[in-house]
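Throughout, residue positions are numbered sequentially from 1 according to the sequence presented.
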Amino acid sequence: MIGERDLLDDKLVALSLAFSIYVDSGRKPADRKALWRVASGDGALEAELGKLMHPPVDSTRRKHKQSERDYERSQRERERKRDEAHRSWRDWLSKNVDHLRNPRFDDPTAVSNAQEYVYERLRCLSEDRNQYTYSDWNVLEPELGAEVARAFRDGVVAYWRKNSPKLVSEGAPANSISFSTILGMVGLGIEASETKDWASNLTEAEAGIAFRYAVKELNGFPYWLQHVFQRFPDLITTLVLTEINYELDQATKDRELHYLLYDVSWSGQWLWDRVAPPMLKRLRREPDNLQSLEKLHKIINGSSISSNEIARLAARKSRTLVRIDNLAVWFATWAGVAPQEALEALEDRLPSFADDDGLQLVMGFITRLVGSHHSSGISARNAFREPVHLKRLIEIVHSIVRIEDDIDRVGKGVYTPNLRDNAQNARDRLTSLLEEIPGKAAFSALHLLSREHPHDSARSWYLLKARRKAQTDAEGQKWSAKQVLEFHREQERTPKNHQELFDLAVHRFSDLKADLEDGDSSVATTLLKIEQEVEMRNFLSWELRRRANGRYTIANEDELADAKRIDLRFFGTGFDGPVPIELKLAEKWSGSKLFERLENQLCRDYLRDRHSSMGLFVLVNQGRQSTWRIPGGEVVDFAKLVQRLQTLGETLAREMLGVDAVKVLGIDLTARAQREALKP
């Protein structure tokens with residue numbers, strides 16, 4: 001075919017086509033010879049075929065190939081040297097095991113190269129590398145042997161007490177760590193994980209040293225610091241406050257220290273109740289750094305400080321501050337505890353700002369109040385999450401952060417959200433929060449927004465939301481086929497979530513109350529003789545188990561993570577959502593103490609678990625006391641005591657983060673006897 005062409009260009013095209021066929025067919029030797037035979041005698045064809053058979057190598061590609069070969073060669077050499085070093089270290093360690101236990105340096109805080117080498121092997125072999133502390137020293141055994149691994153373990157456990165790392169307030173750098181500190185942290189972690197009741201065996205001096213290590217850990221505090229705090233709360237609180245105050249003093253408007261305050265706000269929730277009161281006092285003097293201010297607010301909002309205390313300071317700050325960003329933080333905290341007053345004050349102050357400053361204030365306020373995609377804000381309390389307040393928030397924010405000025409990011413590629421983006425998302429989140437609230441009040445708020453929203457164009461959208469809300473609330477939660485059959489047979493269903501378990505617990509106690517107060521076979525007169533709450537609790541738990549019918553289980557004095565014990569807890573099947581019950585013999589408690597126990601024991605302790613947001617507070621009256629003086633000075637009988645406590649429970653459920661419902665139920669064991677006495 002090639003030889004049949006007259007023109008050189010045609011011959012070259014045919015040669016190129018023949019060469020492609022030769023390559024596709026596997027470069028057979030016979031085909032190669034045939035190609036050379038056809039091209040033979042024609043200089044141009046021979047030259048072209050030579051190029052096709054042996055294409056010239058590009059100089060850049062040649063250099064790249066050479067570079068790859070050089071890198072592979074150097075990599076092999078590095079691996080050879082590394083393997084040789086590992087073998088050398090393993091041989092040396094096996095002959096010098098005692099050196100790992102005690103290097104015998106004149107300086108007891110010094111560490112050896114051998115200890116550093118073994119730590120690096122421990123770090124490489126450990127699965128979790130998010131912290132400096134690695135307590136599973138057994139992973140060293142397959143590589144270094146059991147004797148070497150044990151010697152390293154003994155050495156670091158003995159080492160941590162010899163060293164006392166400096167705190168930042170004492171001159172230590174805030175963002176660096178010495179290897180001696182890392183080694184001590186490993187020893188601490190191993191000892192804490194292997195020793196029963198480890199923290200209870202520490203001296204106060206040892207607890208202080210442990211704290212100095214803990215503040216150097218990566219990504220929050222080591223788990224054992226909470227146990228040290230429980231053993232020495234005053235010491236650890238004092239040390240924490242000293243470091244936070246130093247950090248706040250050193251921070252400037254544009255520079256945050258990134259030290260202890262971040263760890264406390266992120267992973268030190270067990271510290272909040274102790275450090276929050278002095279931090280609230282400290283906040284009377286406004287911090288220079290905005291990020292520090294936000295972290296302090298997160299701690300205070302999450303602590304047990306009363307909402308009234310927070311509201312008083314927030315109200316003063318919101319009237320006097322002029323710095324827009326700081327003012328936004330304080331208004332968000334204030335709205336979390338006293339939304340009506342906070343929103344009135346916000347509306348009063350907005351006209352005093354220029355348009356841009358007012359927009360900046362509202363955007364910062366709403367972003368911190370409800371959070372954004374990338375931040376939980378300042379974890380403001382939940383008092384604003386009522387339909388009346390959410391409606392007002394929607395109106396205020398929409399009038400300032402206007403829809404027509406929104407940034408349109410659709411189809412614009414990757415972007416980094418700014419304050420405007422976050423404010424738009426937070427503004428829209430308000431409507432979602434309103435929709436999530438069941439009941440007539442939320443529907444009414446949506447319906448009013450369909451007539452009163454600042455933007456006419458949004459009103460029809462809110463009308464649609466209101467209609468859907470009415471439909472959803474009317475439908476209720478769907479029942480499973482099993483629940484329908486159960487209800488048909490027994491007029492009761494097995495709970496499938498926390499809400500249904502709470503409802504069942506309320507029904508069980510209501511049935512028990514009715515039996516004891518009104519039943520023909522009531523054992524109330526027998527229960528009147530009980531003098532200890534534990535005896536009453538044992539009876540009630542037995543009775544509740546007897547009535548369970550396989551729909552729940554009852555735990556008596558179930559222990560929480562902080563060793564506190566709940567009187568009773570209902571557990572369902574197939575979901576994690578226990579319902580805590582706090583039981584009180586009414587005459588053993590003053591009215592004020594019962595109010596305090598409802599708030600701090602049931603709501604702040606037992607309902608802090610994110611899986612448990614609903615609980616019961618059960619009072620039993622045995623007739624040994626007829627009246628109680630409650631906060632505010634009012635003297636009430638047992639029935640009114642229960643009513644006032646229920647009102648407090650409803651208030652706490654509205655205001656507290658994570659508390660959805662509280663039911664106060666009173667069982668009056670004297671009710672039946674009183675009715676008998678009235679008979680002629």
Q: Show your reasoning for whether side chain to side chain contact (heavy atoms under 4.5 Å, CB included) applies to Tyr246 and Leu167.
A: CA-CA 10 Å; Tyr246 177 83; Leu167 296 169; over 6 Å; no
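- Side-chain contact between Asn497 and Phe502 is absent, with no heavy atoms from C-beta onward closer than 4.5 Å.
- When each of Arg82, Arg80, Lys81 is checked for a side-chain hydrogen bond (donor to acceptor under 3.5 Å, both in side chains) with Glu84, only Arg80 meets the rule.
- Scanning both residues, Ser200 and Arg231, for their nearest heavy atoms gives O-NE, 3.4 Å.
- Enclosure of atom OH in Tyr71 is not indicated, since only 12 or fewer non-hydrogen atoms of other residues, nucleotides or ligands lie within 6.0 angstrom.
- Under the 3.5 Å distance criterion, with hydrogens and angles disregarded, no donor-acceptor pair is assigned to the side chains of Arg427 and Gln424.
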Q: Start with the C-alpha gap between Val579 and Ile581, add the side-chain angles, then the distance that decides, and say whether side chain to side chain contact (heavy atoms under 4.5 Å, CB included) holds.
A: CA-CA 7 Å; Val579 175; Ile581 315 295; 4.1 Å; yes
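- In this structure, Arg385 does not pair ionically with Glu436, as no charged nitrogen and carboxylate oxygen lie closer than 4.0 Å.
- Comment: Arg76 does not engage Glu79 in a salt bridge, judged by the lack of any side-chain N to carboxylate O separation of less than 4.0 angstrom.
- Leu248 has its side chain within reach of Ser292: a pair of non-hydrogen atoms, C-beta onward, lies under 4.5 Å apart.
- Among Gln250, Glu243, Glu247, the single residue meeting the side-chain hydrogen bond (donor to acceptor under 3.5 Å, both in side chains) criterion with Ser169 is Glu243.
- For the 3.5 Å distance criterion, the side chains of Asp107 and Thr109 qualify, holding a donor opposite an acceptor.
- Under the 4.5 Å side-chain criterion, counting only non-hydrogen atoms from C-beta, Asn289 is not in contact with Thr252.
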Q: Would you check, one step at a time, whether the test side chain to side chain contact (heavy atoms under 4.5 Å, CB included) holds for Leu369 with Phe331?
A: CA-CA 9 Å; Leu369 182 64; Phe331 265 120; over 6 Å; no
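- A donor-acceptor contact under 3.5 angstrom links the side chains of Thr333 and Asn301, judged on distance only.
- Considering all non-hydrogen atoms of both residues, Ala214 and Pro222 come closest at O-CD, 3.6 Å.
- Taken to the nearest 0.5 Å, the CG atom of Leu225 stands 14.0 Å off from the OH atom of Tyr213.
- With 3.5 Å as the limit, one finds no donor-acceptor pair spanning the side chains of Thr367 and Asn422.
- Using a cut-off of 4.0 Å between Lys/Arg side-chain N and Asp/Glu carboxylate O, Arg569 and Glu582 are scored as not salt-bridged.
- Inspection of the Glu596 and Asn600 side chains reveals an N or O donor paired with an N or O acceptor under 3.5 Å.
- Between atom CH2 of residue Trp137 and atom CG of residue Leu122 there is a gap of 11.0 Å, rounded to the nearest 0.5 Å.
- The main-chain N or O of Ile300 is found under 3.5 Å from a side-chain atom of Ser303 such that the two form a donor-acceptor pair.
- Atom CD1 in Ile190 sits 12.5 Å away from atom OH in Tyr134 (nearest 0.5 Å).
- Ion pairing between a basic and an acidic side chain is recognised when a charged N comes within 4.0 Å of a carboxylate O; Arg153 and Glu194 show such pairing.
- Asn245 and Arg282 form a side-chain donor-acceptor contact under 3.5 Å, judged by distance and modelled atom types alone.
- Nearest heavy atoms, Ala426 versus Gly371: CB-O, 3.7 Å.
- Between Asp406 and Arg420, at least one side-chain nitrogen of the basic residue sits less than 4.0 Å from a carboxylate oxygen of the acidic one, meeting the salt-bridge criterion.
- The neighbour count for Arg69 CZ, taken as heavy atoms of other residues, nucleotides or ligands under 6.0 Å away, is above 12.
- Ionic pairing of Arg604 and Asp273 is not present here: no N-O contact between side-chain nitrogen and carboxylate oxygen is shorter than 4.0 angstrom.
- The shortest heavy-atom contact between Glu141 and Ala149 is CG-CB, 3.7 Å.
- A salt bridge does not link Lys253 to Asp288: none of the charged nitrogens lies less than 4.0 Å from a carboxylate oxygen.
- Counting heavy-atom neighbours within 6.0 Å of Lys162 NZ, excluding the residue itself, gives a total above 12.
- Shortest non-hydrogen contact noted between Lys298 and Trp266 is NZ-CA, 4.5 Å.
- Between the side chain of Thr242 and the backbone N or O of Thr238, at least one donor-acceptor pair lies under 3.5 Å.
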Q | Audit row: Asp234, Arg274, salt bridge (Lys or Arg N to Asp or Glu O under 4.0 Å) steps and yes/no | A | CA-CA 9 Å; Asp234 293 337; Arg274 292 297 297 265; 2.5 Å; yes
Q. How far apart are the C-alpha atoms of Tyr119 and Phe179, what are their side-chain angles, what is the distance that settles it, and do they pass the ring-ring contact (aromatic ring centres under 6.0 Å, His included) test?
A. CA-CA 10 Å; Tyr119 169 79; Phe179 180 72; 5.5 Å; yes
Q: Quick one: do Val111 and Glu116 satisfy side chain to side chain contact (heavy atoms under 4.5 Å, CB included)? Show the steps, please.
A: CA-CA 7 Å; Val111 296; Glu116 187 168 355; 5.5 Å; no
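- In this structure a side-chain-to-backbone donor-acceptor pair under 3.5 Å is present from Asn418 to Asp421.
- A salt bridge links Arg161 to Glu191: one of the charged nitrogens lies within less than 4.0 Å of a carboxylate oxygen.
- Side-chain contact between Phe211 and Val215 is present, with heavy atoms from C-beta onward closer than 4.5 Å.
- Looking only at side-chain heavy atoms (C-beta outward), Leu183 and Phe152 come within less than 4.5 Å of each other.
- Atom-to-atom distance recorded for Lys317:NZ and Trp334:CH2 is 13.5 Å, nearest 0.5 angstrom.
- To the nearest 0.5 Å, the span separating OG on Ser379 from NZ on Lys295 amounts to 12.0 Å.
- Contact check for His99 versus Gln115: no side-chain heavy atoms found under the 4.5 Å cut-off.
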Q.
Go through it in stages, so that I can follow the logic: the residues are His227 and Phe232, the test is ring-ring contact (aromatic ring centres under 6.0 Å, His included), and I'd like the CA-CA distance, side-chain angles, deciding distance and then a yes or no.
A. CA-CA 9 Å; His227 301 299; Phe232 298 98; over 10 Å; no
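- Side-chain atoms of Glu217 come within 3.5 Å of backbone atoms of Thr133 as a donor-acceptor pair (strictly under, hydrogens ignored).
- Remark: Lys216 engages no residue in a salt bridge (charged side-chain N to carboxylate O under 4.0 Å, His left out) (not counting sequence neighbours).
- Classification of Arg150 and Glu147 as a salt-bridged pair fails, no side-chain N sitting under 4.0 Å from a carboxylate O.
- Looking at Thr553 and Phe570, their side chains never come closer than 4.5 Å, going by heavy atoms from C-beta outward.
- Within the model, atoms OG of Ser126 and CZ of Arg121 stand 10.5 Å from one another, a figure rounded to the nearest 0.5 Å.
- The main-chain N or O of Thr203 is found under 3.5 Å from a side-chain atom of Glu206 such that the two form a donor-acceptor pair.
- When every heavy atom of Gly364 is checked against every heavy atom of Ala328, the shortest pair comes out as C-CB, 3.6 Å.
- At a threshold of 4.5 Å between non-hydrogen side-chain atoms, the residues Ser74 and Asp70 do not count as touching.
- No donor-acceptor pair under 3.5 Å is formed between the side chain of His498 and the backbone N or O of Ser612.
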